[in-house]
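Let me begin by presenting the structure, written as structure tokens, before commenting on it.
Along the sequence shown, residues carry numbers from 1. Remember, it's a predicted structure, so these values are computed and weren't measured experimentally.
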Amino acid sequence: MDRKRGSFSGKMGFVLAAAGSAVGLGNLWRFPYLAAKYGGGIFLLVYLILAVTLGFTLMITEIAIGRKTGLSAIGAFKALDKRFGFVGYLACIVPFIITPYYCVIGGWVVKYLITFVTGNVSAAAGDDYFTGFITEAAQPVIWFAVFVVLTALVVIAGVEKGVEKASRILMPVLVLLTIGIAAFCITRPGAGAGVRYYLLPEFSNFSATTVLAAMGQLFYSMSLAMGIMITYGSYMKKENPLEKSVRQIEIFDTAIAFFAGLMIIPSVFVFSGGNEEALSKGPSLMFITLPKVFDNMKLGGIIGTVFFVLVLFAALTSAISLMETNVSILRDKLGWERKKSTIVVTVYVLIIGAIVSLGFGPLSFITIIGLGLLDFFDFISNSILMPIVAILTCVSIGFFIKPKAICDEVELNGPFKVKKFYTIMLKWIAPVCLILILLFAVSEALGLIKV
């Protein structure tokens, strides 16, 4: 059996693959939507501060755990301290929940790309186009399956030939496309008001919910607390500088989110004149509002096509990391070869994802705690399990395994420049912030608070 563990060829291969994991649909529609909803510039400022503090702390911890043990999450926590093996199992549940419904949304992106490529921009801009599509039985499942197969083909090729090679191509293209479309959008007539709203902090818009929303976005955007960064860390060579690599991943991730906001918020201002309802469309912003923006733009068909190519690249890089994590878990736990593990994971994703997709149409009568299937899976993974896993990671490393284990791994490549800051963040500040995120999410879901 193929039990030899793969690895990335070098520092840049690791950085691009890990950045590809972090950069996904959350950067391209969730970040702009939250920035629009929570005050534009002030949200952006808070997010940037959190990225270099909380985000850095959690990411360097997870990657160091992976590289130190050479294992995915289940084995990694157990290897460090048998008492915390259960944290690895909790972390591994998350990507198995997320991958199917994430691929459903990836299928929507493929559908919209094909719609724009075939010149049906006006149709996509119709009020009922998106709803009409996702409530069908066959079409959404077909496009979802196409997306899953594309993802599986990369994963089955392995770490260096598949995951790394795809990331080396997709990530630079993704950055160039994002910057290019953002430059186009901010030069449109009427975009200036959107640029000012997005870039200039208005401190009167600051609130506790702004901080909590920014924390949540950061947490989900960087692929934390779902075993991905531990898995990718296990593929990282010992000679690659860990601290510097984490900084570079954060720069990639934050830059894409920043330019996505610069691309989408001014575009919506151009189309709606800054209408608050248009700015708060949330998940539908990409699939309902933006096609209208493109339909009203000169060369909108071309720009829209390029935009959905960009979104597909982002969706694929994250889906690849999710599926790779699932495959790595099966290989480490059951001793299966990569091909068998990938096929099993793909079949699982196709079955569960098809059910989730049908939850908008023939199975729409199924609700759990008042939520549809996709929303329920999203809530359980993002709002409950991920904060819990992150809290347990901080507590286990901070107070039992000790921060020295992480610091020693980082210092294999030179001094850990922010060791004291890291230790304080890991033991005291990060757990408190994460508990607040968890309480905030649960309170919102139960209707105890309104945001």
Extract all donor-acceptor atom pairs below 3.5 Å that involve side chains of residues 41-59 and protein atoms in other chains or at least two apart in sequence.
unit_1	atom_1	unit_2	atom_2	d
Thr53	OG1	Ile49	O	3.0
Thr53	OG1	Leu50	O	3.2
Thr57	OG1	Thr53	O	2.8

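Panel note: side chain Glu62, backbone Ala225; a donor-acceptor pair is recorded below 3.5 Å. Between the side chain of Arg67 and the main chain of Asn240, a donor-acceptor pair closer than 3.5 Å is present. Remark: the backbone N or O of Gly107 is not paired with any side-chain donor or acceptor of Tyr112 at under 3.5 angstrom. Without hydrogens or angle criteria, Ser364 side chain to Phe360 main chain gives no donor-acceptor distance under 3.5 Å. With hydrogens and angles disregarded, no donor-acceptor distance shorter than 3.5 Å links the side chain of Arg30 to the backbone of Leu25. Within the 3.5 Å criterion, the main-chain N or O of Thr231 finds a donor-acceptor partner in the side chain of Ser234. The backbone N or O of Ala79 sits nowhere less than 3.5 Å from a side-chain atom of Lys82 that would complete a donor-acceptor pair. Formation of a donor-acceptor pair under 3.5 Å by the Glu243 side chain with backbone atoms of Lys417 is found in this model. Although no hydrogens or angles enter the test, the distance criterion places no donor-acceptor pair under 3.5 Å between the side chain of Thr210 and the main chain of Phe206. Asn413 contributes a side-chain N or O that, together with a main-chain N or O of Glu239, makes up a donor-acceptor pair within less than 3.5 Å.
Legend: residues meeting ring-ring contact (aromatic ring centres under 6.0 Å, His included) with Tyr422, ordered by chain and number and at least two apart, are Phe416. Partners of Lys292 under the salt bridge (charged side-chain N to carboxylate O under 4.0 Å, His left out) rule, at least two apart in sequence or in another chain, are Asp127. With sequence neighbours left out, the salt bridge (charged side-chain N to carboxylate O under 4.0 Å, His left out) criterion links Arg83 to Asp81. Judged as a side chain to side chain donor-acceptor pair (under 3.5 Å), and not counting sequence neighbours, the contacts of Trp143 are Gln139.
Note: Tyr102 and Phe144 fail the aromatic proximity criterion, with ring centroids not under 6.0 Å apart. A ring-centre distance under 6.0 Å is not found for Phe116 and Phe307.
The CD1 atom of Ile384 sits 10.5 Å away from atom CG of Asn382, with the distance rounded to the nearest 0.5 Å. Considering CD1 of Ile134 and NZ of Lys111, their distance stands at 12.5 Å, rounded to 0.5 Å.
For residues 58-86, the pairs satisfying ring-ring contact (aromatic ring centres under 6.0 Å, His included) are Phe84-Phe400, with sequence neighbours left out.
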Check against side-chain contact (heavy atoms from CB on, under 4.5 Å), Ile249 and Ile63: CA-CA 11 Å; Ile249 295 163; Ile63 292 174; 4.0 Å; yes
Verdict with reasoning, Tyr101 to Ser357, per side-chain contact (heavy atoms from CB on, under 4.5 Å): CA-CA 8 Å; Tyr101 79 76; Ser357 181; over 6 Å; no
Verdict with supporting geometry, Ile397 and Lys402, side-chain contact (heavy atoms from CB on, under 4.5 Å): CA-CA 5 Å; Ile397 300 294; Lys402 302 297 183 184; over 6 Å; no
Chi angles and distances behind the side-chain hydrogen bond (donor to acceptor under 3.5 Å, both in side chains) call for Tyr348, Thr99: CA-CA 10 Å; Tyr348 160 79; Thr99 309; over 6 Å; no
Worked verdict on Val175 versus Ile256 for side-chain contact (heavy atoms from CB on, under 4.5 Å): CA-CA 7 Å; Val175 172; Ile256 294 292; 3.9 Å; yes
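The shortest non-hydrogen separation linking Thr178 to Ala260 is CG2-N, 3.9 Å. Counting all heavy atoms, side chain and backbone alike, Thr367 lies closest to Gly370 at CB-C, 4.3 Å. Across every non-hydrogen atom of Thr115 and Ala124, the tightest pair is CG2-CB, 3.9 Å. Contact record, Leu438 with Ser383: CD1-O, 3.4 Å, taken as the closest heavy-atom pair. In terms of heavy atoms, Thr69 sits closest to Ala76 at OG1-CB, 3.3 Å. Summarising the geometry of Phe96 relative to Cys92, their closest heavy-atom pair is CD1-O, 3.1 Å, with the distance given to 0.1 Å.
Within a 6.0 Å sphere centred on NZ of Lys427, heavy atoms belonging to other residues, nucleotides or ligands number more than 12.
Under the 30°/60° scheme for interplanar angles, the aromatic rings of Trp108 and Phe287 are found to stand perpendicular.
With Tyr198 as the partner, the ring-ring contact (aromatic ring centres under 6.0 Å, His included) test is satisfied by one option alone out of Phe269, Phe258, Phe259: Phe258.
Contact check for Ser328 versus Tyr235: side-chain heavy atoms found under the 4.5 Å cut-off. Within the 4.5 Å cutoff, the side chain of Asp332 has no heavy atoms near those of the Ile74 side chain.
For the pair Arg188 and Phe184, the cation sits on the ring face: its NZ or CZ lies under 6.0 Å from the ring centre, inside 45° of the axis.
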